[in-house]
Each structure stands twice: as C-alpha cells, then as structure tokens.
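Each chain gets a letter, A, B and so on, in the order the sequences are listed, and its residues count up from 1.
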Amino acid sequence: MSLQHVTTTVNGDRAEFLCDTMETLLDALRDRLGLTGSKEGCASGDCGACSVMFDGRLVCACLVLAAEADGRKVETIEGMAGTGELHPLQTKFLELGALQCGVCTPGFLVAAKALLEENPDPDETEVRYWLAGNLCRCTGYDKIIRAVLETAADLRGQ
Amino acid sequence: MELEFTTRTTFDKVGTRPPRPDGTDKVTGRALYGADLAGADMLVGKVLRSPHAHARILAIDTSRARALPGVKAVVTRDDFPDIGPEGTVKGEVEENLWDVARNVMARDKALYEGHAVAAVAATSTAVARQALKLIDITWQVLPHVTDVDEAMRPGAPLVHEDMITAGMDPAPEEPSNIAEYTRIEMGDIEAGFAAADVVVEQTFRTEAAHQGYIEPHACVASASEDGVAELWCCTQGHFSVRDMCANILGMDLASLRVTSSEIGGGFGGKTTVFLEPVALLLSRQSGRPVKMTMSRDEVFRASGPTSSTSITARIGATRDGRITACDASFRYQGGAFAGSPVGYGAVCGMAPYDCPNVDLHCYDVVVNRPKAAAYRAPGAPMAAFAIESLLDEIACKLDIDPVELRLRNAVKEGASSVYGPTFGTIGFVECLEAARDHPSLEAAPGPNQARGIAAGFWPNYGGQTSVTVNVNNDGTVLVSLGTPDIGGSRASMCLMAAEELQIPYERVKAIIADTSALGHNDTTGGSRVTHSAGLATIAASRKVIDTMKRRAAAVWDIDVDAVVWDQGCVRPSGANAGDHEPLTFDAIAAMAPATGGPIAGHAEINAEGAGASFAVHVCDLEVDPETGRVTVLRYLAVQDAGKAIHPDYVEGQYQGGVAQGIGWALNEEYIYGSDGILQNPGFLDYRIPVASDLPMIDTVIVEVPNPGHPYGVRGVGETPIVPPLAAVANAVSRAIGQRMTETPMSPPRILAAIDQAP
Amino acid sequence: MRYEAPRTLGDATGMLASCQGVARVLAGGTDLLVALRSGFVEPELVVDIKRIPGMAEIVAEDGGWRVGAAVPGAALGRHDGVCRAWPGVVEAVELIGSTQIQGRATMVGNLCNASPAADSVPAMMAAGALARIAGPDGKERDVPVGDVATGPGVTSLAPGELVASIFLPEAPARSGDAYLRLIPRTEMDIAVVGAAVSLTLDDGGCCAAAKVVLGAVGPRALVVEDGAAAIIGTTLDDDSLAALEAAASAAARPIDDKRGTVPYRRKVAGVLARRAARIAGTRAGENR
Amino acid sequence: MIDVRLGATLRSMAGGRESFPVEAGTVGQVLKRLQGAYPELSPVLHRGVAVAIDGRIYRDSLLQPVPDGAEVYLMPRVAGG
C-alpha cells in the first residue's frame with residue numbers, strides 16, 4: 001500500500017506527512033503530526049470534538065480525508081492561544097468553570113471562535129444552535145453558553 | 001479514623017471560584033486523555049465482536065489472521081487463565097471477577113451482540129482491521145432475549161443455563177434469568193393500604209440509557225519480559241483497574257503499574273475494565289506496547305449502559321396527603337451478568353418519604369445485552385420515575401400542591417429510612433422550601449405548557465483514600481491524589497488544602513498519582529471524592545501543620561505545646577512561651593532542609609460519615625399537541641451540597657445531571673431489533689441533548705452541613721440525575737392530561753398518549 | 001483505495017468511467033467518510049471534485065441560480081440571491097447537520113446519497129430544480145431533481161456520470177417556499193418526516209400554483225399532487241389547509257423504524273405540510 | 001449488649017428475623033460474633049455488608065468502636081457512578 005504525500009499548513013506553519021488514503025484529517029493531525037488536542041468522540045461528525053478550521057470553514061476533522069488537506073490551511077486548538085497568552089474564550093471558559101472533564105472543550109473553543117468571528121453579537125439561541133454540533137455530556141451546556149456570550153460582550157467592549 | 005473535628009461554618013477560601021489547576025491544559029489541547037499517548041514501536045489492538053445476540057462458540061481459528069504480515073499477536077479465550085468462580089481476589093475489587101473476566105472475553109458463549117471474542121495487535125489500524133476479518137469462528141446461534149419482562153417469563157431463552165435465583169426461600173429448582181430476588185419490608189402493608197383514602201397504581205417502563213461520555217475507552221499497555229507491566233488508561237479508578245487486570249491475568253499487584261490519563265467523562269461507565277486486560281495480553285504476546293481504543297459504536301455495543309426496567313408500584317395516602325403505604329415490584333435487567341442496581345433503586349425511590357409501611361420486591365434479571373455498568377446514582381432515576389409519578393398522581397387526585405405534598409411526607413433528622421438506619425442531619429425540607437420559594441415558580445404555564453416537580457435521593461459514600469501533601473522549600477504545596485478527577489476535584493482539593501494551611505490557593509497544585517505512588521484509592525464514584533479525598537487532604541494538611549509547629553518549636557527551643565498555628569504562621573502560644581517573631585509557612589518551608597528534612601503530610605483513610613443528599617427539581621415545558629414534541633422551557637435544580645467547596649463545579653454537577661436526565665426522559669434509549677442487534681449504536685440515533693435542546697438550568701445550592709465532614713461536605717454528583725425522569729414526566733402528563741409511564745417520552749409516544757386521552 | 005483530485009470535469013468523469021471496481025465521488029464527504037469509516041463501502045477509487053474550477057461557485061443564470069456540486073451549505077446560506085429567491089431550499093439545506101457539517105455538506109451530495117430522508121430534496125423538487133449531469137463522453141443533460149434518486153441509496157446515474165450542479169429557476173413574483181421537518185431533538189437528527197411546499201399567489205391573493213413534496217415517508221421524496229390541488233385556487237384558508245393536511249397524510253407511505261412509526265409519520269406528514277404551506281403563503285404574500 | 005438489626009433489604013435473606021443481640025465493642029467484633037451465633041446470617045455476611053451506627057454508615061471499618069446501646073443496622077454495601 002503506497003502512502004500519499006501531503007503538504008499543508010497547520011496553525012500557520014508548513015507541515016508535511018505521509019498518510020494512507022483512507023486516513024482522515026483527524027487521524028493525520030493526531031497520529032502523524034502529534035496534535036492530539038482534536039479528539040475523536042464519534043468519527044461520524046456527530047460530536048464536534050474534532051472541530052478544526054479548514055480553509056477558513058468550521059469542519060469536523062473526522063469528515064475530511066487527510067489527502068484533501070494538500071495545499072489547504074488547517075487551524076486547530078493548538079494554535080488558538082497566542083504566545084504566552086490565552087484567547088479570551090479560553091480565559092473565560094476557565095473563569096466560569098465552563099468545562100468539567102474537558103474532552104469536548106477544544107472542539108467547543110474552536111467552534112465558538114468561528115462563531116464570534118462571523119457574528120460578534122450572537123444571542124443565546126444563536127449560540128446554542130451554532131454549537132449544536134458540539135456534544136458535551138458533563139456541563140448541561142449552561143456555563144459554556146454563558147462563557148461564549150460573555151466573551152462576545154467583552155470583545156465588543158461592553 | 002484519627003481525624004478529630006467539629007464541622008466548621010466560616011471559610012476563607014472554600015466557597016470561592018478560582019480557576020482549576022488543570023484548566024489551562026484543557027483549554028489549549030495539551031491535556032492528555034486515554035487515546036492521546038503514543039509510544040515508540042507501538043502496535044494497534046482491535047477487538048472482534050460477536051455479531052449475534054446469543055451464540056455458542058464452537059471453534060475459533062486464528063491461523064489465517066496470524067499469517068497476515070504485520071499481525072504481531074492474537075488473543076482469544078484460550079489465552080486467559082481460568083480464575084474459577086470464586087477467583088483469587090487480591091486488592092479491593094468488589095465486582096464479581098468471574099463475570100468481569102467473561103465480559104472482557106467470551107468463553108463458551110457470546111452473551112450479547114458486541115461481546116468480545118478475539119483480539120489482534122498489528123502494525124497499523126488497517127492491518128488490524130484486515131486481521132479481524134481473517135478470524136474464523138464457528139457459531140451455533142441460540143435463541144435470545146433482550147426485554148426484562150420477557151426474560152422473566154417461564155420458557156424464556158436462558159442466558160446462563162445453570163442460574164438459580166439467589167435470595168428465594170426455598171431456592172427454586174429450575175434455572176431462570178432471575179439472578180437474585182430481594183424483599184424489603186417495613187411495617188404492616190395491609191394495614192397501611194387499609195388506612196389510605198386514595199390508592200394509585202401503575203406499571204412503568206424505562207429503556208436503557210448510556211452514560212454517553214464523549215471520550216471512548218482507550219488504553220496503552222506495555223508488558224515487559226520480566227512479568228512487569230505498565231498500563232495507561234482513562235478510568236474512574238486506576239487502582240481498581242490494576243486489581244481487576246492483575247486478578248484476571250494472574251499477576252501480582254506490584255507487577256502492574258497503572259496511570260490514569262485525563263478522563264473524558266465517566267458517569268460510572270469507566271469503573272470497570274473492557275480493553276485493559278486484553279491490551280496487556282496482546283502486549284505480553286507481542287513484546288511491544290499496544291494501544292487500544294473503542295470506536296463510538298463499540299462504546300454503545302460493548303461497554304456498560306444502565307438497566308432497562310419494568311416497575312409496578314402502588315402508593316396509598318390519606319385525604320390530607322399523608323403516605324400510608326407503598327408496595328412495588330422492581331424488575332431491572334443488568335445485561336448478560338448478574339448485578340443490576342435494583343436494590344439501590346428500590347431504597348432510593350422511597351427514601352425521601354416517611355412511609356411506615358413498605359413492601360418492595362426486587363428482581364435482578366439477566367438478558368442478552370451488554371453487562372450494565374454503574375450510571376450516576378445507579379438504579380435510582382428509574383425508581384424515582386415510578387414513585388414520584390405516583391406522588392404526582394396523588395397530588396392531582398387530592399388537589400394538593402406537589403411541593404406541599406412532599407413537605408407533608410418529607411424525611412427529617414431522626415426519621416427511620418427505608419433502608420434501615422435513622423437519618424442524621426439532612427436537608428430535604430430545606431430543598432423543598434427553597435424550590436417552593438424560588439422566583440421561577442411565579443411564571444404561570446401557558447397553553448400546552450405545564451410544570452412538573454420531583455425529588456431525588458442518593459445516600460453517598462466515603463471509602464478508601466490515600467493523599468500526600470508535600471511542602472516544597474519555596475512554600476508551594478503539591479497534593480497527590482489517587483482519585484481520577486472527572487469534574488474539577490483537583491480544584492476542590494487545592495481549596496481545602498489552602499484553607500487548612502492558610503496559604504494562597506495559587507500556591508497549591510494537585511496531581512493524580514499512579515498506583516505505585518500512593519496507597520489504595522477506591523474508584524471515583526458514588527459521589528465520594530470531595531467528601532473522602534477532602535477528608536484525607538484535610539487530615540494530611542493537619543499533619544503538615546503539626547510538623548511545622550514542631551519545627552518552629554525546635555528552632556525556638558521551646559516545647560511544641562507552647563506554639564500555636566494561627567493565620568498561616570506558627571506563633572508562641574503566649575507571653576511566657578518567649579518573645580519570638582511568628583514564623584510564616586514559607587519561612588518554615590525554607591528552613592526544612594536544615595530542621596529535619598522535607599515536610600509532608602499524608603493520610604490513608606477509610607472515609608466514613610458520608611452525608612445523604614436530596615434534590616428537588618422543577619421542570620416547565622411545552623408539548624406540541626400535533627407532533628408530540630417537547631420543548632423544555634425552564635428548569636430548576638435545588639440540592640443540598642452540605643458545603644459547596646467550589647460552587648462552579650457543584651452547579652456544573654447539578655446542570656450536567658439535569659441534562660442527562662432530560663435526555664433519558666425524552667429521547668435516549670437502546671433500540672433492539674427482533675434479531676437482538678442494537679440498532680442505534682451512535683450519537684446520530686442515540687440522541688443525547690444538544691445545546692439547542694436545553695434552556696439555561698437554574699440551580700440553588702442548599703447548604704445543610706454534613707456533620708461527618710470537617711467542612712460539612714456532602715457528595716453532589718449522583719443526586720441530580722435522580723429527579724429529572726419524573727420531573728419531565730409529571731410536566732408532560734399535566735400538559736396533555738394523560739399519565740406518561742414509559743421513557744423515553746419520544747414524540748411518537750407522546751402523540752399516541754394524546755390520542756388516547758379521553 | 002486510490003484518491004484523485006482532478007482539475008477538470010472531463011478528467012473526473014473519465015476516472016469514474018474507467019474504474020473497474022467501486023468508485024465514489026467526494027464533494028463534502030459528510031456521508032462518504034462515515035460510510036468509509038464503518039466499512040459500509042470499500043471503494044477502489046475516490047474522486048474529489050472540489051479542485052475542479054467553478055465547482056464551488058454559485059452563478060446567476062436565466063433569472064435563477066446555478067449551484068455547483070461542491071458548494072457547502074454554509075456558502076449557500078450566505079448567498080443573498082438564493083436566500084431571497086428560495087428561502088425554503090436554503091432552510092432545508094441548512095437543516096442538514098451541524099455548523100461543522102454545513103462547512104462541508106453539499107446539496108448535490110445530499111441528493112446523490114439518495115437517502116429517503118434527505119432534507120434538501122423535497123425542497124428542491126418543490127422549487128422545480130434541475131440537476132445537470134455530466135457524463136464521460138463530455139455530454140451534459142439536465143433532469144428534474146426528483147428523477148435522480150430512484151430508491152434508498154440508489155440513483156439513476158450511469159457509470160461515469162456525476163451531478164455537476166443544481167439549477168434553481170427564477171422564483172415567480174408573489175411566490176414563496178418553505179421546508180419543515182420533524183426531528184426529536186432540535187438539531188443533529190435525521191428527518192422523521194419532512195415537508196416542502198412551494199406556491200405562487202395571484203393578484204387577488206389566491207394560490208395559483210403549488211407543489212407539495214414529502215420526505216422520509218416513502219422510498220424517495222413523494223410529490224403530493226392531491227395536496228397541491230387542495231390549495232390551488234384557495235386563499236389558504238383553514239379548510240383548504242385541512243384538505244392539504246388530509247391529502248399529505250393519505251399520500252404518505254412510511255415504514256416503521258427506529259425513528260418513527262407508520263401512524264406517527266402519516267399524521268405528522270399532514271401537520272408539517274399544512275404548517276409549511278402557511279409559511280410559504282406568508283412568504284409569497286410578502287414577495288411582490 | 002448491642003442489638004444488631006437488619007436493614008429491610010437484608011431481612012428476607014435471613015429468614016425474616018429483624019434483631020440479633022451480640023456483645024461487641026467494635027464493628028469487627030459485631031460481625032465475628034454474628035457469624036458465630038447466628039448461622040442464618042451467613043448468606044448476608046457472605047454477600048458483604050455495611051454497618052450503620054447511629055445513622056452513620058461504615059463500609060470497611062472493623063476497628064470502629066460501637067457504643068453500648070447504639071442503633072446498629074446491617075445494610076447492603078452501596079457504591080455508585
């Protein structure tokens with residue numbers, strides 16, 4: 001079985017790997033590049049734990065073939081914090097206790113960041129529907145939704 | 001236990017909401033969970049699972065798989081030692097190891113669809129998958145049964161041909177699928193019903209739910225030639241994993257070191273082993289590290305969901321709403337092995353109420369489904385569904401407010417509980433009053449809307465715990481715990497250590513140590529950790545203080561009785577102790593090397609004194625009368641926490657339990673076809689609530705201190721999932737004017753009930 | 001499995017045609033990757049069409065819109081022209097999965113997956129959409145969207161053919177469309193029942209033309225002629241909507257499965273058709 | 001003298017009898033003397049029990065003192081999720 005050579009950009013840096021054509025982007029990120037912040041919760045696009053940005057669009061990395069990443073731009077949770085500084089969403093999640101076990105948290109953060117970039121002033125319903133593809137089994141979502149709404153307000157300077 | 005205390009009520013740090021010590025790693029993706037470890041030369045392990053609900057395994061031929069290039073190990077039932085029905089139990093395992101060993105790998109029969117029958121380790125996932133296809137099994141398919149009531153009928157297919165019901169006098173002569181019968185009796189049931197003015201009776205059914213943790217089971221095993229092995233896995237209890245694996249594989253406890261990874265949710269489902277013994281065997285056979293992860297589909301088919309149940313209950317009450325009698329039959333299936341939580345369910349259902357006459361019959365039933373594991377307050381939500389629904393029916397019949405009805409019957413300190421002992425200090429009445437007085441009850445339900453109220457109870461427990469508190473020379477403190485942190489317990493332990501040591505919270509860090517670093521720790525579960533690990537952390541911190549007092553006294557050359565611990569400093573106890581400047585915590589820490597070496601405290605305890613926890617939930621919802629769809633509009637969870645150490649994570653437990661309970665009530669279920677095959681082993685059709693399904697979940701933390709803990713802590717994790725099935729059912733029933741008696745209350749079921757309404 | 005990402009439509013159809021074994025087209029991949037992962041399909045060849053120029057574009061054509069096969073739902077939902085003309089089609093596409101799925105899933109993929117419960121198909125059919133099919137001989141043909149899926153998982157596409165785009169025609173003045181589905185949750189589920197209605201009002205506010213299409217109540221999306229007849233010539237008053245409801249329930253040919261029962265689907269098909277017609281009517285009234 | 005009572009859950013396993021008097025000063029002594037004096041309790045003890053003393057539940061504390069005249073119940077052991 002010959003492997004596919006893929007050259008891509010991950011969190012702003014050029015990345016290269018060899019992969020089987022059956023491998024998903026999630027497999028490649030985790031197993032080829034050692035970026036294990038994106039989690040596999042279902043491998044069917046139903047839980048959102050592997051949410052990443054793919055050429056500027058929010059996607060589940062488990063539903064993208066690794067080979068598709070050639071020449072594309074991938075952004076993962078590992079690239080969310082600046083140098084020595086957390087993203088405001090990350091800070092707010094910590095401040096409000098918006099995580100328990102934490103395994104869904106990277107996916108929520110990537111998805112929430114995408115939301116605020118597109119809609120800086122979402123209401124509660126918009127946040128809930130935008131994040132409906134991210135399953136959390138611990139928190140009942142309450143503190144997560146609050147954290148996103150409060151971060152949005154902070155970023156708007158309110 | 002040697003720790004002497006009076007429960008304190010004023011705190012400096014406890015009750016605040018600082019960020020958790022493990023938080024930054026979790027928001028940046030650095031935290032390592034079960035599937036995140038990679039080792040050099042690591043193999044991939046995969047399990048072959050039964051496609052049949054019930055089948056005898058006549059032969060297993062692995063020769064074609066072994067011949068496939070890249071396959072490094074293949075294990076089947078033949079590779080497991082026979083531990084015998086009594087087994088040699090080392091360590092603190094409480095599960096029946098004979099059953100666990102057979103659940104991990106099928107022996108003569110596959111007992112459910114998904115039951116493991118063989119496993120391989122190979123150089124890649126693709127090769128491992130290919131190898132599974134090359135294992136040839138000769139099956140003799142047998143009749144199966146997956147429904148609890150059908151399994152109890154005479155003539156039902158027998159899951160275990162030789163199972164004789166325990167607990168019956170005289171013992172039955174014929175085998176059946178009833179593993180155990182238990183009867184719980186108090187008072188005079190006939191007199192109780194004779195005294196009743198109103199009697200309600202119903203049969204209720206609940207379908208099995210899965211814990212639904214987002215992280216599938218995963219582990220990495222590495223066995224070396226000298227018989228020593230290491231295991232990394234996501235678990236609620238790595239000491240129990242060590243004990244179970246060692247016993248199943250015939251190893252010494254000291255030869256197996258288990259490290260718990262970060263854990264992506266458990267809710268009781270990660271209290272046993274599935275992959276771990278198999279991975280150890282594959283590693284032993286191949287001489288290489290082996291990683292195994294379950295797919296989501298395997299999690300549903302082959303880990304441990306909760307029981308499905310069938311409950312017939314009858315409650316009598318006087319005209320003024322005093323409960324006089326309750327009799328009930330609880331039928332819980334525990335999957336393919338004995339051990340459903342029927343007994344807990346039965347006592348938890350009635351525990352909140354002062355009912356003098358009780359007669360409960362409990363049946364633990366086996367069926368061709370995966371072995372049930374614990375799920376948050378095991379057994380209690382289903383029983384509460386039945387009991388709290390009947391109380392709602394009584395409230396409707398007598399036209400009494402449902403909170404008022406419960407207040408009239410609520411257990412108080414000194415009441416005798418249905419499971420025996422007299423209640424100590426409890427906060428049920430306080431919870432009911434807080435719910436009654438909450439502003440969210442002021443809104444009157446609109447058309448097609450209604451409000452449902454239900455209560456819940458969980459006894460909580462303590463258990464064995466070892467904690468070490470190490471003081472560094474710079475005055476920072478490290479707490480080593482042996483209880484995996486599922487929901488923020490490291491933050492709570494740091495708060496309690498900081499409170500005792502009177503140092504800033506930021507100066508305390510906590511880790512989960514592996515099995516070689518601490519004495520035995522019971523599993524994280526039963527809502528025990530904040531109570532028991534908290535007790536141990538406090539005890540260990542007090543030993544640190546004792547040592548610090550001795551060191552300061554020695555430096556001052558005065559008697560240790562002449563110093564006191566005050567505001568994070570050691571001071572002379574009075575004028576005649578001499579004139580010494582107080583020594584701060586940091587100063588004594590800095591002097592440690594020169595005053596006798598490292599300062600540490602440790603505590604190895606068996607925590608007792610767990611305080612029972614009660615909750616009252618209020619659910620407002622709307623039913624679409626044309627489609628049967630339910631929209632939850634408002635939800636209030638009131639619960640006694642004793643003392644909330646870190647209120648964010650207490651609220652989080654309430655909200656999380658509510659969300660799981662709402663999911664179970666409305667949509668979550670195991671759906672079996674007539675072929676005994678699970679039809680919805682994925683998050684698409686096993687419908688756990690998504691963010692847009694739920695409203696904000698209001699919480700009220702009631703604090704009636706538990707006298708069994710120095711800070712008054714009660715466990716909080718289990719109780720919040722007990723009331724929601726009933727709270728939702730009571731609301732739906734009131735909205736449509738028809739009593740709902742089955743979960744899930746899916747749109748088709750509600751529409752059918754509406755169509756049947758008079 | 002061979003993965004190819006051709007740069008022209010001709011290359012794509014050529015690869016598909018010359019493949020001896022199972023070949024699959026990869027657009028959004030939200031169905032294909034799940035099938036691959038579960039072992040449900042084991043293709044010899046996967047042809048990724050996203051690198052073909054124009055595939056991810058929406059262009060104006062004859063007063064309507066041509067939507068490329070690789071346009072994800074997220075892009076369609078942000079296209080003002082399509083949103084204005086066919087809000088029902090857009091809402092149907094946007095109901096497919098989560099935000100993450102919307103970043104990938106395409107209308108054409110939803111069509112070619114040929115699920116009886118596909119959300120966008122009834123809405124496209126009600127809108128009179130055409131699928132442009134490209135073949136290995138370089139020829140293209142346009143067929144009504146309703147003719148692509150022939151049964152669960154089966155399409156009328158010949159070997160080597162693929163659907164290159166969907167044409168949404170010009171929306172007539174005073175017209176409106178709507179799509180509703182029933183799922184137990186609010187998101188992330190497969191439709192238990194879906195109902196699309198597209199209609200046009202005359203100057204007097206009477207319904208001059210209508211199409212009613214149901215999803216998930218038959219082996220493929222069902223056109224309910226009797227339902228349309230029940231509202232044409234009416235002002236969408238309660239009685240005509242009740243007649244539409246009855247016609248939709250009567251036309252439904254559902255099965256019992258893990259997602260719903262026959263009587264439930266039958267009843268809800270009527271309810272949703274009625275509700276969708278009311279929304280479409282309101283939209284038509286606002287659309288001058 | 002301590003009057004050990006069986007919680008309702010266990011009573012049916014021991015022939016229905018509720019009360020078992022023993023002389024004992026600790027939980028361990030209670031269990032040992034029950035075993036010797038009341039053979040009908042062996043299925044209960046074999047199953048594993050927790051002991052409630054004046055309303056507080058002890059699972060494994062054989063050394064726990066039992067005050068004379070205390071309310072002592074045997075109960076099934078409780079775990080959880």
Looking at [options], which one has more heavy-atom pairs under 4.5 Å with chain A than the rest?
options: B:T125, B:I662, B:V27; result: B:V27
options: B:Y654, B:Y213, B:F683; result: B:F683
options: B:D25, B:V658, B:T24; result: B:T24
options: B:M294, B:Q653, B:E262; result: B:Q653
options: B:E215, B:R17, B:K26; result: B:K26
options: B:D22, B:I263, B:T28, B:T293; result: B:T28

Would a 4.5 Å heavy-atom cut-off, applied to side chains only, mark [X] and [Y] as touching?
X: A:M80; Y: A:P106; answer: no
X: A:W130; Y: A:N119; answer: no
X: A:D27; Y: A:C19; answer: no

Side chain / backbone / both / neither for [X] at chain B, heavy atoms under 4.5 Å:
X: A:A43; answer: neither
X: A:Q90; answer: both
X: A:L94; answer: both
X: A:L135; answer: both
X: A:E23; answer: neither
X: A:S44; answer: neither
X: A:Y129; answer: both
X: A:L96; answer: backbone

> Looking at B:I688 and B:G212, what are the two nearest heavy atoms and their distance?
Replying inline: CD1-O, 4.4 Å
> Taking all non-hydrogen atoms of both residues, which atom of B:G70 and which atom of B:V127 are closest, and how far apart?
Replying inline: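 Here B:G70 and B:V127 meet closest at C-CG1, 4.0 Å.
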>> Checking the side chain of B:R687 only, and the main-chain atoms of B:E668 only, is there a donor and an acceptor separated by less than 3.5 Å?
In response: no
> Between the side chain of A:D70 and the main-chain N/O of A:T7, is any donor-acceptor distance below 3.5 Å?
Replying inline: yes
>> Under a 3.5 Å threshold, yes or no: a donor from one side chain and an acceptor from the other, between B:Q660 and B:R376?
In response: yes
> What residue in A:E124, A:R128, A:R146 has the most heavy-atom pairs under 4.5 Å with chain B?
Replying inline: A:R128
>> Only pairs of heavy atoms separated by less than 4.5 Å count here; which of A:T139, A:I144, A:L35, A:I145 has the most with chain B?
In response: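 Among A:T139, A:I144, A:L35, A:I145, the one with the most close pairs to chain B is A:T139.
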At a heavy-atom separation under 4.5 Å, does [X] approach chain A through its side chain, its backbone, both, or neither?
X: B:P695; answer: backbone
X: B:Y686; answer: side chain
X: B:A38; answer: neither

>> Students often mix this up, so state it plainly: with edges at 30° and 60°, are the rings of B:H617 and B:Y635 parallel, tilted or perpendicular?
In response: perpendicular
>> Which label fits B:Y375 and B:W664: parallel for a plane angle under 30°, tilted from 30 to 60°, or perpendicular past 60°?
In response: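 Because their plane-to-plane angle is under 30°, the rings of B:Y375 and B:W664 count as parallel.
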> Could A:K39 and B:Y33 be counted as a cation-pi pair, given that NZ or CZ must be under 6.0 Å from the ring centre and within 45° of the axis?
Replying inline: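 The answer is no; the distance or angle limit is not met.
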>> Does atom CZ (A:R156) have a neighbourhood of more than 12 heavy atoms from anything else shown, all under 6.0 Å?
In response: yes
